[in-house]
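Here is the structure we will look at.
Order of the sequence lines fixes the chain letters, A, B, ..., with proteins taken first and strands second; residue numbering starts at 1 for each chain. Both backbone and side-chain heavy atoms feed into the values below; hydrogens, waters and symmetry mates do not.
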There are 2 protein chains.
Amino acid sequence: MNLQASSDLSERMAAFENSCRKASLKVTHQRLEIYRELAQAYDHPSAEVLYRRIIKRLPTISLDTVYRTLATLNRHGLISRVQTGESQARYEVERFSHHHAVCRECGAMTDFIWTSFDETQVPATMSGWGEIIKKNVVLEGTCCTCSGKDSGTIFHMPLS
Amino acid sequence: MNLQASSDLSERMAAFENSCRKASLKVTHQRLEIYRELAQAYDHPSAEVLYRRIIKRLPTISLDTVYRTLATLNRHGLISRVQTGESQARYEVERFSHHHAVCRECGAMTDFIWTSFDETQVPATMSGWGEIIKKNVVLEGTCCTCSGKDSGTIFHMPLS
DNA sequence: ATGGGTGCAAACCATTTGCATAGGA
DNA sequence: TCCTATGCAAATGGTTTGCACCCAT
């Protein structure tokens, strides 16, 4: 999953600052830390999980700010809220087009790439629906770790 | 969208009763009415929306029972909880394999069939993930009604 | 300087739960 | 009869909001 080396984090942070300015969002210390943490996370963390990680470096931040910032960044398209059946909303920085597989047992969410799907057209019956912004696949099932048949071929990141 | 005539509703209710017995769930008046209402709904209603519809026929039913019943039926696979980014969970009776297009403006959820997608295999990288139970496409965007370019080719059912 | 952003605490609201009763098996 | 399901009400928990202060622009 580590398709990007951590060395380009500063590059991504710079891009984030630019995006903020373009959207006339103030570049605050809190927003930088929230984005940095999410950009480094590969487990689609919830607001609360993110908060627990950030508070170690930024002890004065409040959970409210994390909620508000995630909502703001999502509204501006800088991050994505991920659809899940769980009670807590989860977020990610979209590094490239990908899809999700969610385990019904443990909630682990695995990214995967499916280029040939990305290139297909939606069926003709949907051509009149409207403007399609995202086209994603969601797999649901039981991951190998939970079914006890872990083959070790898929990387799992625990949800802290 | 009305692929099934209402005349087969009694048939579906009978099948539902059988499924309940098979799962050793008691066939109560409330469960029958909740299922009947959901089986006739084409707008993926939330628990509350469903409750407001059912109470007209069954004035003594409580919202809790609707919540509890939806959770129970979902757990047994008799109905499906639909993934959405909204705060309220929405449900449906799966009549046949289909996918969803969700309008970011009005929340309308449109079903569509995509047989060729249903027949495709997931990418080889996911073969080791685990047991896949569902494989669904979610489209997000702006429906024609909201963008003001309604062509009238897609049927929209308002919520509530 | 000034308007958006933050922290705090209180409010909100969808959903869940404890408990006594009612009704299906 | 026995145990599950229901109704009521209170609790829960993720998320949002009002308000005063602070800080990036």
Side-chain angles (χ1 to χ4, degrees), chain A residues 13-14 16-35 37 44-52 54-55 57-76 78-79 81-91 107 159-160, chain B residues 13 16-37 44-52 54-55 57-76 78-79 81-91 107 159-160:
Chain A
M13 292 308 297
F16 172 68
E17 288 197 33
N18 283 336
S19 304
C20 282
R21 283 188 237 282
K22 231 179 287 177
S24 54
L25 293 175
K26 292 189 177 171
V27 179
T28 65
H29 194 35
Q30 290 89 334
R31 283 179 176 166
L32 287 171
E33 290 307 314
I34 290 169
Y35 187 86
E37 196 65 51
H44 314 79
S46 63
E48 187 137 15
V49 168
L50 215 42
Y51 169 69
R52 287 204 295 270
I54 295 166
I55 206 170
R57 270 183 288 128
L58 197 62
T60 59
I61 200 171
S62 73
L63 178 55
D64 321 69
T65 300
V66 177
Y67 272 109
R68 251 188 287 233
T69 302
L70 291 173
T72 304
L73 299 185
N74 180 55
R75 195 171 341 109
H76 287 83
L78 300 181
I79 66 173
R81 184 183 212 132
V82 182
Q83 313 274 33
T84 108
E86 299 158 299
S87 57
Q88 293 192 138
R90 289 165 69 168
Y91 295 86
L159 235 198
S160 152
Chain B
M13 292 308 298
F16 172 69
E17 286 197 36
N18 282 336
S19 305
C20 282
R21 283 188 236 283
K22 231 179 286 177
S24 52
L25 293 175
K26 293 189 177 171
V27 179
T28 65
H29 195 34
Q30 291 89 335
R31 283 179 177 165
L32 286 171
E33 291 306 313
I34 290 169
Y35 187 86
R36 187 197 316 281
E37 196 64 51
H44 314 80
S46 64
E48 187 137 12
V49 168
L50 216 42
Y51 169 69
R52 287 203 296 269
I54 295 166
I55 205 170
R57 269 184 289 127
L58 198 61
T60 58
I61 201 172
S62 73
L63 178 56
D64 322 69
T65 301
V66 177
Y67 272 109
R68 251 187 288 230
T69 301
L70 291 173
T72 304
L73 299 185
N74 181 55
R75 196 173 338 108
H76 287 83
L78 300 181
I79 65 173
R81 186 184 209 129
V82 182
Q83 313 273 34
T84 108
E86 298 159 298
S87 58
Q88 293 192 137
R90 290 165 68 170
Y91 295 84
L159 240 197
S160 145

**Base-contact (B) and sugar-phosphate-only (S) positions in nucleotides 15-25 of chain D, heavy-atom cut-off under 4.0 Å, - elsewhere** = BBBB-----BS

**Prompt:** Are any of B:Ser62's side-chain N or O atoms less than 4.0 Å away from OP1 or OP2 of D:dG7?
**Reply:** yes

**Message:** Ignoring hydrogens, what is the shortest heavy-atom contact between A:Ala47 and A:Val66? Give both atom names and the distance.
**Reply:** O-CG1, 3.6 Å

**Item:** Nearest heavy atoms of A:Asn74 and A:Arg81, plus distance in Å
**Value:** OD1-N, 3.1 Å

**Request:** Measure the distance from CD on B:Gln30 to P on D:dC8 and round it to the nearest whole Å.
**Result:** 11 Å

**Request:** Mind checking A:Thr72 for me? I need base, sugar-phosphate or nothing, with any heavy atom below 4.0 Å counting as a touch.
**Result:** nothing

**Asked** When we call it a touch if two heavy atoms are under 4.0 Å apart, what does A:Ser24 touch: a base, just sugar-phosphate, or nothing?
**Response** nothing

Side-chain donor-acceptor pairs of residues 21-32 of chain B under 3.5 Å, sequence neighbours excluded:
unit_1, atom_1, unit_2, atom_2, d
B:Arg21, NH2, B:Glu17, OE1, 2.9
B:Thr28, OG1, B:Arg31, N, 3.2
B:Arg31, NH1, B:Lys26, O, 2.9

**Terminal axis angle for the helix from C:dA1-D:dT25 to C:dA25-D:dT1, five pairs an end, nearest 10 degrees** = 40°

**Message:** Measuring only between side-chain heavy atoms, which start at C-beta, is B:Ile79 closer than 4.5 Å to B:Ile34?
**Reply:** no

**Contacts of A:Phe16 that satisfy ring-ring contact (aromatic ring centres under 6.0 Å, His included) - sequence neighbours left out** = A:Tyr35

**Prompt:** Is a side-chain N or O of A:Arg90 found less than 3.5 angstrom from the main chain of A:Val82, in a donor-acceptor match?
**Reply:** no

**Fill in**
Residue set satisfying side-chain contact (heavy atoms from CB on, under 4.5 Å) with B:Ser62, at least two apart, ordered chain then number -> B:Asp64, B:Thr65

**Asked** Going 5' to 3' along DNA chain C, which nucleotides are the first and last within contact of chain B (any atom under 4.0 Å from a heavy atom)?
**Response** C:dA14 to C:dA25

**Message:** If I take atom CD1 from residue A:Ile54 and atom CG from residue A:Leu50, how far apart are they, to the nearest 0.5 angstrom?
**Reply:** 4.0 Å

